[in-house]
Each structure stands twice: as C-alpha cells, then as structure tokens.
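The first residue of the sequence shown is numbered 1, and numbering continues consecutively from there. Below, all heavy atoms of this structure are taken into account, side chains as well, without hydrogens, waters or symmetry copies.
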Amino acid sequence: MSTNVLRTADGWWVVRDARAVRIDTKALTTAELLADRDAVREAAVSGEEGTAVAELVALSPVTTPCRVVAQMVNYRSHARDSGFTGEVPPAFFRKASGSVSGPGEAVVRPAHVKLLDYEVELGLVMGAFLPVGTVVEERDLPAHVAGLVVTNDVSARDVQLTKTQFYESKSYPTFTPTGPYLALLEPADFAHLLDLRLRLSVNGVLRQDRTLADMIVRPARALTLLARFQTLAPGDLLLTGTPGGTALKAPPKAVEKIGALLPPAVKWKAFFKSQARNPRYLHAGDVVTAAIATPDGRIDLGEQRTPVADAS
C-alpha cells in the first residue's frame, strides 16, 4: 500500500486516515525526504496518536526549485476536444518551478489574463536520476518514480494561443497547485495506476472525470521519450496530461476553415469575442477542487481546493 506524506511549514508528516504523525527527519527538500525513506517508514508504523490532519496547513509536497516538465495532449478525450482526428504526436514542455503552489493557496489571475483555464493532471515525482538515453520499461517504473501527486496545470489561454508558446502561459506564480499528499508507492502499487481516476470540479460542478486508461502515452513510455533529451533528478516533477473537459475547446471544423481565411488580427478578435461568452473559464471567487484516487482507495492522493483570485 502507498504511504501518504504531507508537508507543512513545520516539517514532514505521514498521514494515517484523519491523523498525521511527524516524520523524524532533517530533510528540507523532497529529494532529501526520498533519501530518508527509513524515517518515513518509522513514522508510518509509529504508535503515536499524531495530529488531526484538519489542523495542518499543507504546502506543496514537491519542493522547489526543481524541474517541472509536462506532457501535451496526452488523453484521448482531450485530443478530441482539441480537434485532433488522427494520431497525436507525443510532445513535452517546461513550466517554471516558481509556478508550484500549495493545495489550498489561491490561484492568482494576472490582470492581463482573461481566459484562465484548469487542467487536472497526475504528477510523477522522480525518485532516482534519469540520465539521457535511459529506456524505461513498465517493470522499471518503481526504480525511477517514487510517488504521485495531484496537480493542476493552470493555463492562460489568451497568452498561450496568441503567442503560440506554453512556458509563459503556464508558468505564472500559483499556476501549478500541487498536493496535498505525496503518495509514496510500493512496487505492487504500480499495477494499479490505470485505475486512478482524475476528477476536477469548479464551484461543485464536475468538469473533468477520466481514468488513466484514457491516457495516450503512459508513464514508462513518456519517461523513455523524455530521456532522449532531458535528464531528471530525484524530486523533479512530470505532469502527465489532462483529460477532456477543459474550458478551451477547438472550434467546429467549418468555423476553423473560415477563420483560416481571415487576417490574424481579425481572426483573434473574433476568437476572443466568442471565448468571452464561454462561462467555463475561471474567475475571481471560483473554487477549483481536484482529486485523484483509485476506486478502492489503495492509492488516494487527497483533494486540493484552490480559490481563484485576481492579482491586486
């Protein structure tokens, strides 16, 4: 069974049902904690009563700085929403680790961003170095991946689309809510990854709901592709894509063909006018809830609840 770890300003905790036991460790970073698994195990079997989880303020269990890499269009349902009709080529992009925030912190919308979108994603937390050239088979995953986290790949769509670049649009501070738990996996847990269900709601209304079975490029293959050009280290974070249900969707084919005939300035003006009427984008006062778990609770990454606020 996986072990859930929580981080607060006071240190690291093992979560046992509704209570948490302090881990006796000097670890300050996620990588240092992963190197001190004996301390985690001792806390997990401790007879201490611990502290109520509800009394703790969770920080991101992934500490920064670290590498934050993300897969693009990696669920079949999201590919359909994005207008793909054939095979989707695997692709990656980077996010600034300064975008990582806690599971209860507000997502802050910059003043110039009008189309703020959400993307619940499973995050893989690396437990070992992944050198360039590494080939990862399914059986090798426990040797490379230490644990899992809930993430939300918040996206400024108006920046992303007009500049056709991902780094800025997804790297503003608070644009990667992470946690609450880092689920440290045992080797037997990896056989249950495809049972994980990703769910995201806005103001209590369900927007995204899919299992990893909808994933196009699964974790072992993704790490192999990434290792063609990218080294990863313990504590680094890989976001593995989002299912369908985001606010942004590709326009109908007929509209897309007409738009291709328009000058860019006219096309974007028409697009933003239509998107301004889309009520699914996030606004100040909204509350985004995201959770990932298997139906049987064998792996449960907890629930993050992030309000949305405008930059002051």
Side-chain angles (χ1 to χ4, degrees), residues 1-5 15 61-62 68-82 84 86-92 103 118-128 130 134-153 176-201 206-227 232 236-246 289-304:
M1 294 288 287
S2 61
T3 301
N4 280 347
V5 172
V15 177
V62 176
V68 182
V69 186
Q71 291 176 259
M72 183 169 62
V73 191
N74 194 38
Y75 280 71
R76 295 177 182 85
S77 54
H78 190 211
R80 290 192 297 270
D81 284 356
S82 301
F84 286 92
E87 183 178 348
V88 181
F92 300 89
Y118 49 84
E119 296 186 6
V120 62
E121 305 204 12
L122 176 69
L124 308 184
V125 179
M126 301 303 296
L130 184 79
T134 303
V135 176
V136 182
E137 304 289 350
E138 290 289 339
R139 64 178 179 272
D140 302 326
L141 274 176
H144 297 283
V145 176
L148 311 174
V149 289
V150 180
T151 65
N152 183 359
D153 179 22
T176 314
T178 302
Y181 303 146
L182 167 59
L184 298 177
L185 303 183
E186 299 297 332
D189 294 322
F190 285 84
H192 301 268
L193 291 187
L194 294 187
D195 296 329
L196 286 167
R197 180 172 290 276
L198 291 71
R199 296 168 62 89
L200 181 142
S201 300
L206 187 64
R207 298 282 184 86
Q208 295 181 279
D209 185 7
R210 286 289 192 284
T211 69
L212 260 66
D214 189 35
M215 189 178 276
I216 298 170
V217 178
R218 294 174 180 174
R221 178 64 175 157
L223 290 175
T224 298
L225 293 172
L226 189 57
L232 294 178
D236 285 345
L237 178 62
L238 172 61
L239 279 58
T240 55
T242 196
T246 60
T289 305
I292 302 176
T294 58
D296 60 4
R298 180 188 180 104
I299 306 173
D300 188 340
L301 310 186
E303 179 183 271
Q304 60 175 235

What are the two closest non-hydrogen atoms of [X] and [Y], and how far apart are they?
X: Thr240; Y: Asn74; result: O-ND2, 2.9 Å
X: Pro90; Y: Val217; result: CB-CG2, 4.0 Å
X: Ser2; Y: Asp189; result: N-OD2, 3.2 Å
X: Thr224; Y: Val136; result: OG1-N, 2.8 Å
X: Ile216; Y: Ala79; result: CD1-CB, 4.4 Å
X: Pro180; Y: Gly302; result: CD-C, 3.9 Å

Please walk me through it: do Thr294 and Asp300 pass side chain to side chain contact (heavy atoms under 4.5 Å, CB included)? CA-CA 6 Å; Thr294 58; Asp300 188 340; over 6 Å; no
Do [X] and [Y] make a side-chain contact, defined as non-hydrogen atoms from C-beta onward lying under 4.5 Å apart?
X: Val62; Y: Val68; result: no
X: Val145; Y: Pro219; result: no
X: Thr178; Y: Pro61; result: yes
X: Pro295; Y: Asp195; result: yes
X: Leu141; Y: Leu223; result: yes
X: Thr134; Y: His144; result: yes
X: Leu301; Y: Leu122; result: yes
X: Leu198; Y: Leu212; result: yes

Cut-off 3.5 Å, side chains only: do Ser77 and Asp214 have a donor facing an acceptor? yes
So for atom CZ, which belongs to Arg197, do other residues, nucleotides or ligands contribute more than 12 heavy atoms lying within a distance under 6.0 Å? yes
How many angstroms lie between atom [atom1] of [X] and atom [atom2] of [Y], to the nearest 0.5 angstrom?
X: Gln71; Y: His78; atom1: CD; atom2: NE2; value: 13.0 Å
X: Asn152; Y: Gln208; atom1: CG; atom2: CD; value: 8.0 Å
X: Thr211; Y: Leu193; atom1: OG1; atom2: CG; value: 11.5 Å
X: Leu200; Y: Ile292; atom1: CG; atom2: CD1; value: 10.0 Å
X: Arg199; Y: Arg207; atom1: CZ; atom2: CZ; value: 14.0 Å
X: Met1; Y: Glu186; atom1: CE; atom2: CD; value: 10.5 Å

Please lay out, stage by stage, how Thr242 and Asp153 fare under the test side chain to side chain contact (heavy atoms under 4.5 Å, CB included). CA-CA 8 Å; Thr242 196; Asp153 179 22; over 6 Å; no
Is Thr151 reaching over with its side chain to a backbone N or O of Glu121, donor-acceptor style, under 3.5 angstrom? yes
Spell out, as yes or no, whether a donor-acceptor pair under 3.5 Å connects the side chain of Asn4 to the backbone of Val15. no
Yes or no on side chain to side chain contact (heavy atoms under 4.5 Å, CB included) for Asp236 and Leu130, after CA distance, side-chain angles and deciding distance? CA-CA 10 Å; Asp236 285 345; Leu130 184 79; over 6 Å; no
Under the criterion side chain to side chain donor-acceptor pair (under 3.5 Å), I'd like the reasoning laid out for Arg210 against Tyr75: C-alpha separation, chi angles, the key distance, then a yes or no. CA-CA 9 Å; Arg210 286 289 192 284; Tyr75 280 71; over 6 Å; no
